[in-house]
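Remarks on the structure that follows.
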Amino acid sequence: MENIEKKTASCKRVHCLVLSYPAQGHINPLLQFAKRLEHKGLKVTLVTTYFISKSLHRDSSSPSTSIALEAISDSYDEGGSAHAESIEAYLQRFWQIGPRSLCELVEKMNGSGVPVDCIVYDSFLPWALDVAKKFGLVGAAFLTQSCVVDCIYYHVNKGLLKLPLPDSQLLLPGMPPLEPQDMPSFVYDLGSYPAVADMVVKYQFDNIDKADWVLCNTFYELEEEVIISFLKISLYPSLHV
C-alpha cells in the first residue's frame with residue numbers, strides 16, 4: 001500500500017480496478033466506493049460481467065460517468081445467471097472463466113497506457129486476489145454487507161458459532177442477544193441455497209487473510225461495538241471500515 005501512496009503523491013494517477021459480483025446489492029456499494037476513490041484523485045475502472053454491463057444505464061450528468069466501465073466474462077455473456085442450469089452451475093463456470101477473463105483485462109490495460117496498480121474486489125470473488133498477486137498488484141477485499149452480517153459469517157467460518165443453531169438465544173461479541181431467527185437465512189435455514197451459503201460463509205474468507213487491505217461497507221457510528229469486537233477477534237490487521 002506504500003507504493004500506492006507514493007504514486008498518489010506523484011503526477012501519475014493510480015489506477016484502481018473495482019470488481020463487483022454481478023448483483024445490484026453488490027454493484028451499488030462498490031460503485032459508491034469507486035466514486036470516493038475517484039474523488040481522492042485515483043483513476044477508477046468499475047468491472048462487472050458483460051451481461052450486467054449492458055444493462056447499466058449511465059447518466060451523462062452524473063459524477064460517476066468519469067469512472068470507466070469494463071467487463072469480464074462469467075461464461076454467460078448473453079443472459080447472466082438466468083441462463084445457467086442452476087446457481088451452482090453458474091458459480092462453477094464463473095469461477096473457471098472469471099480469473100482468466102480478469103487476467104486478460106489487466107493485460108489489455110497494462111498494454112494500453114493505463115496500467116493497473118490495485119484491484120479492489122468483491123469478497124464474493126476471492127480468486128481476484130490471486131489475479132492481483134500474479135501481476136504484483138495491491139489486492140483489497142471489499143465486504144459489501146454490513147459488519148454485523150460479516151461478523152456472523154466469520155464466526156460460522158471459524159467454528160465460533162456452531163451449526164445447526166441451538167434453540168436458545170445467541171450471544172456474539174458487540175451484539176445484543178439474538179434469537180436463532182434473527183440470523184441471516186443462510187445460517188438459520190440450513191440447506192437453503194447451499195451454493196450461495198458456501199460462498200458467503202466459506203469461500204469469501206478462504207484467502208482474505210492474504211489481502212493487503214480488507215474493507216467493510218458500514219457506518220462506524222451505527223455499528224461501533226460490532227466493529228470494535230470484529231477487529232479484536234479477526235485475523236485481519238488491515239481491516240478498514
From the list L102, V131, L105, D122, side-chain contact (heavy atoms from CB on, under 4.5 Å) partner of L19 resolves to L102
Return yes when atom CD of E224 has more than 12 non-hydrogen atoms of other residues, nucleotides or ligands closer than 6.0 Å, and no otherwise. yes
Check: Taking C-beta and beyond as the side chain, do V187 and Y153 meet within less than 4.5 Å on heavy atoms?
Finding: yes
Anything under 30° is parallel, anything over 60° is perpendicular, the rest tilted; go ahead and classify Y21 against F94. tilted
Taking atom NZ of K54 as the centre, does the number of heavy atoms from other residues, nucleotides or ligands within less than 6.0 Å exceed 12?
-> yes
Open item on the list: Set out, in order, the CA-CA distance, both residues' side-chain angles and the distance that settles side chain to side chain contact (heavy atoms under 4.5 Å, CB included) for L37 and V18, then state yes or no.
Closed with: CA-CA 10 Å; L37 292 179; V18 176; 4.2 Å; yes
query: Does the side chain of I208 come within less than 4.5 Å of V214's, by heavy atoms?
result: yes
CZ of R100 to OG of S75, rounded to nearest 0.5 Å, is 9.0 Å
Within the 4.5 Å heavy-atom criterion, are L143 and L215 side-chain neighbours or not? no
Heavy atoms of S101 and S73 approach each other most closely as OG-N, 2.8 Å
Is it the case that one hydrophobic cluster holds both V44 and W213, taking links as side-chain heavy atoms less than 4.5 Å apart, direct or via other members? yes
- prompt: Hey, are the side chains of K158 and F205 touching, using non-hydrogen atoms and a 4.5 Å cut-off?
  reply: no
Closest heavy-atom pair, V226 versus C151, reported as atoms and distance to 0.1 Å, is CG1-CB, 4.2 Å
Classify the side-chain pair H26/S20 by whether it contains a donor and acceptor separated by less than 3.5 Å.
-> no
Worksheet item: Please walk me through it: do D212 and K133 pass salt bridge (Lys or Arg N to Asp or Glu O under 4.0 Å)?
Response: CA-CA 10 Å; D212 295 288; K133 296 307 178 184; 2.6 Å; yes
Residues pairing under salt bridge (charged side-chain N to carboxylate O under 4.0 Å, His left out) where one sits in residues 103-115, two or more places apart or in two chains, turn out to be E70-K108
| said: Less than 6.0 angstrom separating the ring centers of Y76 and F51, yes or no? | reply: no
>> Quick check against the 3.5 Å criterion: does N207 have a side-chain atom that pairs as donor or acceptor with the backbone of P126?
In response: yes
Heavy-atom closest pair (G80 atom, Y90 atom, distance to 0.1 Å) is C-CE1, 4.1 Å
Output for pair (Q96 CD, D74 CG), nearest 0.5 Å, gives 12.0 Å
- Task: Check the pair S146 / E223 against side chain to side chain contact (heavy atoms under 4.5 Å, CB included), numbers first and verdict last.
- Result: CA-CA 9 Å; S146 70; E223 299 190 289; 3.7 Å; yes
Mind checking whether F33 and F142 have parallel, tilted or perpendicular rings, split at 30° and 60°?
-> tilted
In terms of heavy-atom contacts, P166 and P180 come closest through O-CG, 3.2 Å
- Any chance the side chains of S185 and D189 put a donor and an acceptor closer than 3.5 Å? no
So OH of Y193 and CD of E88: to nearest 0.5 Å the spacing works out to 10.5 Å
Discussion item. Is there a side chain to side chain contact (heavy atoms under 4.5 Å, CB included) between L178 and Q169? Walk through the geometry before answering.
Written reply: CA-CA 5 Å; L178 298 171; Q169 280 189 334; over 6 Å; no
On a heavy-atom basis, the closest approach of V149 and P184 is CG1-CG, 4.4 Å
CG (L69) and OG1 (T48) are apart, to the nearest 0.5 Å, by 8.0 Å
Hits for salt bridge (Lys or Arg N to Asp or Glu O under 4.0 Å) against K210, two or more places apart or cross-chain, chain-then-number order -> none
ask   = Any chance the rings of F230 and Y154 have centres within less than 6.0 Å?
value = yes
Margin query: Any non-hydrogen side-chain atom of M175 less than 4.5 Å from a side-chain atom of V148?
Written below: yes
In this structure, CG of L222 is separated from CD1 of I227 (nearest 0.5 Å) by 8.5 Å
Review point. Are V201 and L190 grouped together when hydrophobic residues (ILVMFWY) are joined by side-chain heavy atoms under 4.5 angstrom apart?
Key: yes
message = Quick check on the hydrophobic clustering: are L30 and F219 connected, directly or via other members, by side-chain heavy-atom contacts under 4.5 Å?
response = no
- Message: Using modelled atom types and a 3.5 Å cut-off, is there a donor and acceptor pairing between side-chain atoms of S229 and backbone atoms of E225?
- Response: yes
Review point. Taking the side chain from H15 and the backbone from V114, do they hold a donor-acceptor pair closer than 3.5 Å?
Key: yes
Got I152 and L161 here, is their nearest side-chain heavy-atom distance under 4.5 Å? yes
Checking S66 against E38: is there a side-chain donor and acceptor pair closer than 3.5 Å?
yes
Could you tell me whether Q24 atom CD has more than 12 heavy atoms of other residues or ligands within 6.0 Å of it?
no
When every non-hydrogen atom of P22 is compared with those of T49, the smallest separation belongs to CB-OG1, 3.6 Å
Side chain to side chain donor-acceptor pair (under 3.5 Å) filter on Q145, not counting sequence neighbours, yields none
Practice task
For the pair W127 and W95, name the ring-plane relationship: parallel under 30°, tilted 30 to 60°, perpendicular over 60°.
Solution key: perpendicular
So CG of D150 and CG of N157: to nearest 0.5 Å the spacing works out to 11.5 Å
task: Please examine the side chains of C16 and V120, heavy atoms only from C-beta on, and report whether any two atoms are closer than 4.5 Å.
output: yes
- [ ] Would you indicate whether the side-chain heavy atoms of L170 and M183 approach each other to under 4.5 Å?
- [x] yes
### Query
Can you list the steps and then say if V106 with L17 is a side chain to side chain contact (heavy atoms under 4.5 Å, CB included)?
CA-CA 9 Å; V106 173; L17 294 189; 4.0 Å; yes
